[in-house]
Amino acid sequence: MENILPELYRRGLVADCTDREALGNLLASKRATLYVGFDPTADSLHVGSLVPLLGLARFQRAGHRPIAVAGGGTGLIGDPSGKATERALLDRDKLAANLASIKSQLARFLDFESKTNPAKIVDNADWLCRLDLIGFLRDIGKRFTVNAMIAKESVRSRMEDRESGISFTEFSYMLLQAYDFLHLYRTEGCELQAGGSDQWGNITAGIELIRKVEGGTAFGLTFPLITTADGKKFGKTEAGTVWLDPRRTSPYRFYQYWMRVDDRDAIRFLNYFTFLDAERVAELERSVRESPERREAQAALAFEVTALTHGAEAARAARRASEVLFGGEVAGVSEADLAEIAGDMPTTKLPKDFAAGSPPLVDALVRCGLCKSKGEARRDLAGGGIYVNNVRASGEAARLSSADALFGRYILLRKGKKTYHALVLE
RNA sequence: GGGGAGGUACCCAAGCGGUCAAAGGGGCCUGACUGUAAAUCAGGUGGCGAUGCCUUCGGGGGUUCGAAUCCCUCCCUCCCCA
């Protein structure tokens, strides 16, 4: 077994850690079991979840046993951590649907076949929903003082804000998460909980509970909040959240998100989001310093993260599509490649004879949603921001023609530098 | 329960009878420069059959030749006092 704490610190992946030395000894001496919880608040995880998710995978690679806990029970309550206002309760059907898709995403990153330390996914609804209120208040509630609970950041901030307040329901959340840890400590011998830095309060509550109830020692570790150099929110683009679900964020767009990472963030992100070793990262760091225009760090980052999330095949396809689209000429691309590239961008299907009628480009732009209105389409066109098959369109009155349909079927519309839409005639 | 302040476009915020599709800022979009980076600069940012027409200033109703601006009413938010 390997103590991977030094490795995590080297990568900048530790925000907070309880008794670092004792935890290090534990990890060095035996196969430890750890868990990370994932909230089913949406039907997909997003790139923000990658750090804890890969964190679990890192522990597994070091010989430890990871458990991913899907919050089917806690999701019914709502975690106040990091939320400025009370949240609407998720209805049970929605939650069940979210859980199902999130579980399958979690599975991608972990190894369940391992002979020695297979991963496990559990749902905390399995034990939380069986709790009875009186028993819970007597056995668990008695171990916490409200005084300590209201001192936790997640609660305090909401107590100070008279406008939003906090319901008893959300106030109780930390007890449930503490109970999760206790339960896993008892049933799985789980001694470590990791999570995002906003989870610190919940994690330490669990550690205390284990000490009080079982007299045992458990550990907590949090990952840093990911920031970007330009102050924008990590994991967001103008178009919205970058999801792990390929139906919500295509592998191409996912790849592109990482490809566009700021130079100042690229190396940090390689450490956070890939398994590349220190030597390789150092190489890439040199590359960023000496020839940033080659974007080698971004390319490596994009490929690695896309491969981890969507598989190596999808990563290669996204890379190929990127090379074509940003390489300039689309005209010389083979039909097979073109079909694949078109498949990776938003697509509008149109009748075969669409281009034959020389429709105004403006109409096509609005129809496929690349521009919100004809007025906007005209302005973009007039400003030189519209490209047909990567060739700048000329003037507001531009029209499409059958000659624009590559192989008689594909017309690649582009707005600005990087927004694509494929028209497919059939 | 009493008193006060407000609700304007994606957000903040000016306007307080015509010159208002509505200042300014942010955001966003496009362009230039570049490296699919950052910074910077420029233009744009309700819709359309477009030197005009239609919709928009919390909802509804009114006054007026004319209202985001005045009146009535309803809804909502915030602050102070009890």
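Both tests pass for A:R58 against the ring of A:F275: distance under 6.0 Å to the centre and angle within 45° of the axis. Stacking of A:R11 on the aromatic ring of A:F273 is not recorded, the 6.0 Å distance cut-off and the 45° axial limit not both being met.
Judged purely by distance below 3.5 Å, without hydrogens or angles, the side chains of A:T74 and A:Q177 never pair a donor atom with an acceptor atom.
With rounding to whole Å, A:R268 atom CZ is found 19 Å from B:rA37 atom P. For A:F326 and B:rU36, the CZ to C1' distance is 5 Å, given to the nearest whole Å. A straight line from CG of A:D380 to P of B:rG44 spans 13 Å, rounded to a whole angstrom. Following rounding to the nearest Å, A:K374 (NZ) and B:rA50 (C1') show an atom-to-atom distance of 12 Å. Spacing between atom CZ of A:R295 and atom C1' of B:rA38 amounts to 11 Å, rounded to whole angstrom units. The CZ atom of A:R392 sits 12 Å away from the P atom of B:rU30 (whole-angstrom rounding). A:K372 places its NZ atom 8 Å from the C1' atom of B:rC28, with the value rounded to the nearest Å. Rounded to an integer number of Å, the gap from A:D230 CG to B:rG27 P is 11 Å.
By the 30° and 60° cut-offs, the orientation of the rings of A:Y257 relative to A:F234 is perpendicular.
An OP1 or OP2 oxygen of B:rG49 is reached within less than 4.0 angstrom by a side-chain nitrogen or oxygen of A:R378. One finds a side-chain N or O of A:Y387 lying less than 4.0 angstrom from the OP1 or OP2 phosphate oxygen of B:rG31.
Distance check on atom P: B:rG58 versus B:rC53 gives 25 Å, rounded to whole Å. Separating the P atom of B:rC72 from that of B:rC28 is a span of 43 Å, rounded to the nearest Å. With both ends at atom C1', the span from B:rC20 to B:rG26 equals 22 Å, rounded to whole Å. Between the P atoms of B:rC70 and B:rC57, the separation comes to 15 Å (whole Å). Nucleotides B:rA21 and B:rG46 are separated by 13 Å at their P atoms, to the nearest Å. Atom name P, nucleotides B:rA14 and B:rA23: the rounded distance is 14 Å, in whole Å.
In the set B:rU34, B:rU30, B:rG35, the nucleotide with an atom closest to the side chain of A:K417 is B:rU34. Closest approach to the A:R379 side chain among B:rU36, B:rC48, B:rG44 is made by B:rG44 (side chain taken as heavy atoms from C-beta onward). In this structure, of B:rC28, B:rG35, B:rG47, it is B:rG35 that holds the atom nearest to the side chain of A:D263. Closest contact between the side chain of A:K415 and the listed nucleotides B:rU34, B:rG47, B:rU30 involves B:rU30.
Pair assignment for B:rC78 gives B:rG4, based on Watson-Crick or G-U wobble hydrogen-bonding distances that are each under 3.5 Å.
Ionic pairing of A:E376 and A:K372 is present here: one or more N-O contacts between side-chain nitrogen and carboxylate oxygen are shorter than 4.0 angstrom.
Taking only distance into account, the side chain of A:Q298 never meets the base of B:rU36 through a donor-acceptor pair shorter than 3.5 Å.
Mapping A:V366 and A:G384 onto RNA chain B via the closest heavy atom, the residue that lands nearer the 5' end is A:G384.
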